[in-house]
Amino acid sequence: MVSKQAFLFSLGSFYLALLFVFLLMDVYARPANNSALKEKSSDNKEENEIMPPDHVNGLKMEMDGHLNKEFHQEVFLGKEMEEFDEDSEPRRNRRKLAVIFAKVDRNADKQISASEMQRWIMEKTEEHFQEAVNENKIHFRAVDPDGDGHVSWDEYKIKFLASKGFNEKEVAEKLKNNEDLKIDEETQEVLDNLKDRWFQADNPPADQLLNEEEFLSFLHPEHSRGMLKFMVKEIVRDLDQDGDKKLTLSEFISLPVGTVENQQAQDIDDDWVRDRKKEFEEVIDANHDGIVTMEELEEYMDPMNEYNALNEAKQMIAVADENQDHHLGLEEILKYSEYFTGSKLMDYARNVHEEF
């Protein structure tokens, strides 16, 4: 007959073995946190640094023609946008918002007018511009290894392909010897688009070399009127279905290619159509003739357009102006904090008076 001690020992051994099995399962199920993964993350970062970004802070439309959903937060918060996230402490965020309110309210009358909001939007947009200039200095050095202040298309191409996993020395050698590069179709298509953009950024007299300022325009078309025109041309080309180089409402709200598989996807599609219809009719189509020309889209896209900034200021005020006095008070901004900051400040009404 098995003794009680022996039984307990066997039971303990069983549970230890079971625990060991679960630990092994957890280790193998968890994503590996190793150097290879870090190298991949680093490669992605390098690629992002030398590739024109799809999203530009302070620009109303993305490079692919999608509306910038975070535009209001970007032009209201500027560089402080990242601080307002869902996990931040609400009381601290309320205080940050109160500080911003005081800065926008230049005449200190405890309300924000359209002209004050317009001035603030222009300042925050300029802030984003300067941030891009500072980052560009780092990115330019990455593609200008010899430090001569100019980058050729081949120099950039080598760095780009290296960021995609190609051997940098082999690519450089093949380009030097005019040998054919074996590049997959998708990467080649991206390269062709980048090349068009590269030569567009090359200011006259064209020398096929980009200096630091031209490279900034290559990465950030909002910094150059010529590149802004090029960006608009690309967007119209992608959306224009009849080839007349203009956009109708139906063309502008056309859904991206895809299949609606469930109600959630249908809701997303419905939101897409509603938001773009509103933007087309109320903002982009300046003369309300039902057609958006390249000139209208260019004016809409120009982040330093003061008239656009004033219109945006009026729209932002209208969203939260509960007493309809065409101004915003601190309580109104706190109540509509999600619109201005992207983060809900819970229980604002209960706390606003005791804090401010």
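In this chain, numbering begins with 1 at the start of the sequence shown. The structure presented is a predicted model; accordingly, all values stated were derived computationally and were not measured.
Hydrophobic side-chain contacts under 4.5 Å tie Met122 into a cluster, directly or through other members, with Phe129, Met304.
With a 4.5 Å cut-off on side-chain heavy atoms, Phe252 and Asp240 do not count as touching. Considering only heavy atoms from C-beta on, Lys157 comes within 4.5 Å of Leu181 through its side chain. Using a 4.5 Å heavy-atom cutoff, the side chains of Glu62 and Val56 are not in contact.
Taking the side-chain hydrogen bond (donor to acceptor under 3.5 Å, both in side chains) definition, one finds that Lys137 meets it with Glu212, sequence neighbours left out.
For the residue pair Glu312/Asn308, the side-chain donor-acceptor check at 3.5 Å is not satisfied. In the model, Asp64 has a side-chain atom that pairs as donor or acceptor with a side-chain atom of His66 under 3.5 Å. Residues Glu74 and His55 bring a donor and an acceptor atom of their side chains to less than 3.5 Å of each other. Remark: the Gln315 side chain and the Asn311 side chain contain no N/O donor-acceptor pair separated by less than 3.5 Å. Asn305 and Glu299 form a side-chain donor-acceptor contact under 3.5 Å, judged by distance and modelled atom types alone. Using modelled atom types and a 3.5 Å distance limit, the side chains of Gln208 and Ser152 yield no donor-acceptor pair.
Among all heavy-atom pairs drawn from Met316 and Phe76, the shortest one is CE-CB, 3.9 Å. Of all heavy-atom pairs between Leu59 and Met301, the closest is CD1-O, 3.2 Å.
Ion pair Lys233/Glu295 not flagged as a salt bridge, since none of the NZ, NE, NH1 or NH2 atoms sits closer than 4.0 Å to an Asp/Glu carboxylate oxygen.
Around the CD atom of Glu186, the shell of radius 6.0 Å holds no more than 12 heavy atoms that belong to other residues, nucleotides or ligands. The environment of CD in Glu306 is sparse: at most 12 heavy-atom neighbours from other residues, nucleotides or ligands sit within 6.0 Å. Counted within 6.0 Å of CD on Gln188, heavy atoms from surrounding residues, nucleotides or ligands total more than 12; the atom is thus considered enclosed. Crowding of Glu213 atom CD: a count of heavy atoms from other residues, nucleotides or ligands under 6.0 Å not exceeding 12. Within a 6.0 Å sphere centred on CZ of Arg119, other residues, nucleotides and ligands contribute 12 heavy atoms or fewer.
Taking the centre of each ring, Phe166 and Phe160 stay at or above the 6.0 Å mark.
Taken to the nearest 0.5 Å, the CG atom of Asn68 stands 8.5 Å off from the CD atom of Gln73. Here the straight-line distance linking atom CD1 of Ile284 with atom NZ of Lys60 works out to 7.5 Å at 0.5 Å rounding.
For residues 297-317, no pair satisfies ring pair (Phe, Tyr, Trp, His ring centres under 6.0 Å), with sequence neighbours left out.
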>> side-chain contact (heavy atoms from CB on, under 4.5 Å) for Leu194 and Met51? Distances and angles first, verdict last.
In response: CA-CA 9 Å; Leu194 287 173; Met51 277 279 290; 3.7 Å; yes

>> If you apply the rule ring-ring contact (aromatic ring centres under 6.0 Å, His included), what do you find for Tyr339 with His72, and how did you get there?
In response: CA-CA 7 Å; Tyr339 175 79; His72 305 301; 4.5 Å; yes

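At least one donor-acceptor pair under 3.5 Å links the side chain of Asp285 to the backbone N or O of Asp289. Using modelled atom types, one side-chain atom of Asp144 and one backbone atom of Gly149 make a donor-acceptor pair closer than 3.5 Å. Looking at Glu296, its side chain does come within 3.5 Å of a backbone N or O of Thr293 through a donor-acceptor pair.
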